[in-house]
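Notes for the one structure printed next.
Worth knowing before you read on, the calculation uses all heavy atoms, side chains too, and leaves out hydrogens, waters and symmetry mates. The sequence lines fix the lettering, A, B, ..., with proteins before strands; numbering per chain opens at 1.
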2 protein chains.
Amino acid sequence: MEPKIKYMYIYNDVKNKINNNKYKIDTKLPTETELAKIYGCSKLTVKKALGLLESEGMLMRRRGSGTYVKRHSILNNEFIIEPTSNLTDKYGEKNVESKIVKFLIEKPSERIAEILNIKDDYIYHIERIRYINKQPYSIEYTYMPLSLIKGLEPKHLEHSIYNYIQDILKLKIKTGHIFIRGKEFTKEEKELLNIKSDKFSIELEKKVYLDDGDIFEYSVTKHVYEHFVFETIFVNN
Amino acid sequence: MEPKIKYMYIYNDVKNKINNNKYKIDTKLPTETELAKIYGCSKLTVKKALGLLESEGMLMRRRGSGTYVKRHSILNNEFIIEPTSNLTDKYGEKNVESKIVKFLIEKPSERIAEILNIKDDYIYHIERIRYINKQPYSIEYTYMPLSLIKGLEPKHLEHSIYNYIQDILKLKIKTGHIFIRGKEFTKEEKELLNIKSDKFSIELEKKVYLDDGDIFEYSVTKHVYEHFVFETIFVNN
DNA sequence: TAGTGGTCTAGACCACGAT
DNA sequence: TCGTGGTCTAGACCACTAC
């Protein structure tokens, strides 16, 4: 149950206590020194755990004053996508469906080869339409190096590529770089998604890296705008 | 010149060396131990500096292997807005113009009072159209507690509210919470911005907090979609 | 002035990658 | 097996808040 890493245990424990109202919003947490005593660890370990919660917007820490609870973790809001969100985990496997438009293994274009850092190798080139509760949600153009992602089959695309990569291939996603912009749908996309001609899209362009530094995915996903909200938090140092 | 904080000095120094190609992309940085010796500090201080650079996507750190340079800091890309971007700083004061549509001091609506955590006090209610290089860029609806932001005048709105708050009032922005979505422009907004009727907007809804925990701004900004890209990076732990 | 979180040290030990 | 970054300790001192 408990993770081996002590600060992750403290992180989860404090997070749960906030979500269960054992630590209430707008109240003060015990001091770092007290928490260190409670958890039987050094101040630095407490500080690392609380720093994570601060970066998620749940805590506000003030030198000379204390650590205050600001809000619960989100999780429940229907349309909100965070940088690390996974559709299948968010909406439940039963509520997400995917229609495969293209599933190719091909030589990459010059541009994609450069982005994926590929010399003379093949890639997967995938186009999927995704539905949530039977409603068209997005169209997704994905490019992945063949050499990294072994054995990908249509059945994986129908559910979650990410879950295949993480659960079956045991690859670890480390960082991602996301660009968000507005974009019109093409005529073909409107037909594929079966949406009216005045709808536009929110486009997410993503480059995702594994923990060994390899880029494993370049993708462009165009979301029907009514069903999409992206959330992010920043903390200054 | 050098900041008092040692890890910020290291952070800036390494960042500059990457941007000036003294540390080249795809090469390895000296180890933490070596850097600690170079800067005359402990490993932990080096680690903190490098951790910041990793969270900005400039470095990739791998246990058992080393720290690798991944890319320069961005800065130059024309339309890209990051979570902490400030229009005036980004495009230069001369290239940003603002037209004030509304500048009211009023009692807040119930909704705004709740968001700003205000009981029985007045707020600024501001609507501005912003132009970059004479092109309409966005329309911005801003609500701020009067009690926090003293002495705001039209001349400040014509340039940067943020610069007034940070440079003159010496308030420090600590965290922000951002939602991004697609939204149509209203007929009035299209007229104010003088744009064609088929244009839509990327809406940024922001709550911004000061370092003492007070919320000082709630704003909704609708950007003409062609001139707007939002960038963010995530790092898993 | 007392109490808080922020920075920093000089170590120790561990998990993981490369070989 | 060796070198790397990751976790952790038990302190010290500092900057800031609140009183």
Contact under 4.0 Å: [X] side-chain N or O vs [N] OP1/OP2:
X	N	answer
A:K4	D:dT7	no
A:R62	D:dA18	yes
A:Y7	D:dT7	yes
A:S65	D:dT17	no
B:T45	C:dT7	no
B:R61	D:dG6	yes

Separation of [X] atom [atom1] from [N] atom [atom2], in whole Å?
X	N	atom1	atom2	value
B:E32	C:dG17	CD	P	16 Å
A:M8	C:dC14	CE	P	21 Å
B:D211	D:dA15	CG	C1'	13 Å
A:I10	D:dT7	CD1	C1'	12 Å
B:Y11	C:dT7	OH	C1'	18 Å
B:L52	C:dG6	CG	C1'	13 Å
B:M60	D:dG6	CE	P	11 Å
A:K48	D:dC8	NZ	P	8 Å

Compare the minimum distances between each of [options] and the side chain of [X], then state the nucleotide with the smallest one.
X	options	answer
A:S42	C:dT7, D:dT9, C:dC8	D:dT9
A:I5	C:dC8, D:dG6, D:dT7	D:dT7
A:R63	C:dT9, C:dC16, C:dT4	C:dT4

query: Does the side chain of B:I180 come within less than 4.5 Å of B:L204's, by heavy atoms?
result: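 The answer is yes; the side chains approach within 4.5 Å.
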Heavy atoms under 4.0 Å, any strand shown: does [X] hit a base, just sugar-phosphate, or nothing?
X	result
B:T67	sugar-phosphate
B:K47	base
A:G40	sugar-phosphate
A:G213	nothing
A:K43	base

query: Stepwise, does the side chain to side chain contact (heavy atoms under 4.5 Å, CB included) test hold for B:F230 with A:I202?
result: CA-CA 11 Å; B:F230 185 90; A:I202 305 299; over 6 Å; no
Sole candidate of A:K37, A:R63, A:R61, A:K48 that passes salt bridge (charged side-chain N to carboxylate O under 4.0 Å, His left out) when paired with A:E32: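 With A:E32 as partner, A:K37, A:R63, A:R61, A:K48 yield a single salt bridge (charged side-chain N to carboxylate O under 4.0 Å, His left out), made by A:R61.
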query: How many angstroms lie between atom CD1 of A:I126 and atom OG of A:S98, to the nearest 0.5 angstrom?
result: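 A:I126 atom CD1 to A:S98 atom OG measures 11.0 Å (nearest 0.5 Å).
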message: Ring-plane angle category for B:Y143 and B:H125, please: parallel below 30°, perpendicular beyond 60°, tilted otherwise.
response: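 It falls in the tilted class, 30° to 60°.
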message: Quick check on DNA chain C: between B:K174 and B:L44, whose nearest nucleotide comes earlier from the 5' end?
response: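 Result of the comparison: B:K174.
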query: So, A:D121 side chain and A:P145 main chain: donor-acceptor pair closer than 3.5 Å or not?
result: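 The answer is no, because no donor-acceptor pair under 3.5 Å joins these two groups.
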